[in-house]
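Contents: one structure, followed by commentary.
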Amino acid sequence: MNKAQANSDWIEILARPLDVGRVSDMVADPAAGGIAVFIGTTRAETSSDGRELVALDYEAYEEMAVQQLHDLARRARAKWPVVRTVIVHRIGRVPLSEASVAIAVSAPHRGDAFEACRWLIDTLKAEAAIWKKEIWADGTSTWSGHDRRT
Amino acid sequence: MKQIEVKFFAVLRDVAGVPALRLEMPDTATVGDAAGILAERFAGLGRYLPRVGYAVNRSYVKADCVLQDGDELALIPPVSGGNL
């Protein structure tokens, strides 16, 4: 990996709303013929006992998660001819409809951009040291992955 | 003896009641040994351990990893996941 490639990954973990409109601009490049963007948002849910979800609280082991996201961008570049990558993740309370994560990938051709973007979000979700807590309208909360409803 | 820093996240921080603590251990102690000590100290932690991952100095390791003086050990509960 040369220096120019190292500088073409942008990774951030932020405790404020994400500027999702900006991520596609950040990966635009004359070498790219396609940009794929994924935005993950908080979806309304009803628990099995009738509680309504109002928000998700995200928590990160920030020092580790930032390293992991940089590593994901490097691994994507080893699999596909990625030009630029942006991964931004919000922590703290994320209300319904708002974005918790945004990923943008540019590549010479669209197929690689789509595949790299899909792999990045799937692998981030499986590996990154980031947790979410479900906040319910009645004031209760549950850590996702525990007491999980089916 | 060596001293390590332990960090708890998410559900494990709630169970432990603290975000971090220092632990004195014998020189030969492993990550698994540290987890055993913590499970004795915090009631309710043990039932989570089968699904917990371990990171030393911000990289994933296995339970047989021998800890060094000054290491930062993080207990990593299942991450946020999500359905495809």
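Order of the sequence lines sets the chain letters (A, B, ...), proteins ahead of strands, with each chain counted from 1.
- Each of A:Leu53 and A:Ile135 belongs to its own hydrophobic cluster when Ile, Leu, Val, Met, Phe, Trp and Tyr are linked at side-chain heavy-atom distances under 4.5 angstrom.
- A single hydrophobic cluster is seen to contain both B:Val18 and A:Trp143, as judged by linkage of ILVMFWY side chains at heavy-atom distances under 4.5 Å, directly or through other members.
- Using a 4.5 Å cut-off between heavy atoms, A:Gln67 touches chain B through its side chain atoms alone.
- At a threshold of 4.5 Å between side-chain heavy atoms, the hydrophobic network of Ile, Leu, Val, Met, Phe, Trp and Tyr places A:Val94 and A:Val54 in two separate groups.
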Given B:Lys7 and A:Met64, is the side chain to side chain contact (heavy atoms under 4.5 Å, CB included) satisfied, shown in steps?
CA-CA 12 Å; B:Lys7 290 192 165 207; A:Met64 180 169 172; over 6 Å; no
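- Between atom CD of residue A:Glu59 and atom CZ of residue B:Arg13 there is a gap of 4.0 Å, rounded to the nearest 0.5 Å.
- Every ring pair (Phe, Tyr, Trp, His ring centres under 6.0 Å) that B:Phe42 has, sequence neighbours left out, goes to B:Phe8.
- Only the backbone of A:Ala60 comes within contact range of chain B, with at least one heavy atom under 4.5 Å from a heavy atom of that chain.
- A:Ile39 and A:Phe114 end up in different hydrophobic clusters when Ile, Leu, Val, Met, Phe, Trp and Tyr side chains are linked at under 4.5 Å.
- Contact annotation for B:Ala55: only side-chain heavy atoms (C-beta onward) come within less than 4.5 Å of a heavy atom of chain A.
- Nearest heavy-atom pair across B:Val79 and A:Glu127 is CG2-N, 4.1 Å.
- Looking at A:Trp131, its side chain does come within 3.5 Å of a backbone N or O of B:Pro77 through a donor-acceptor pair.
- Annotation: A:Arg75, atom CZ; neighbour count of heavy atoms from other residues, nucleotides and ligands within 6.0 Å is above 12.
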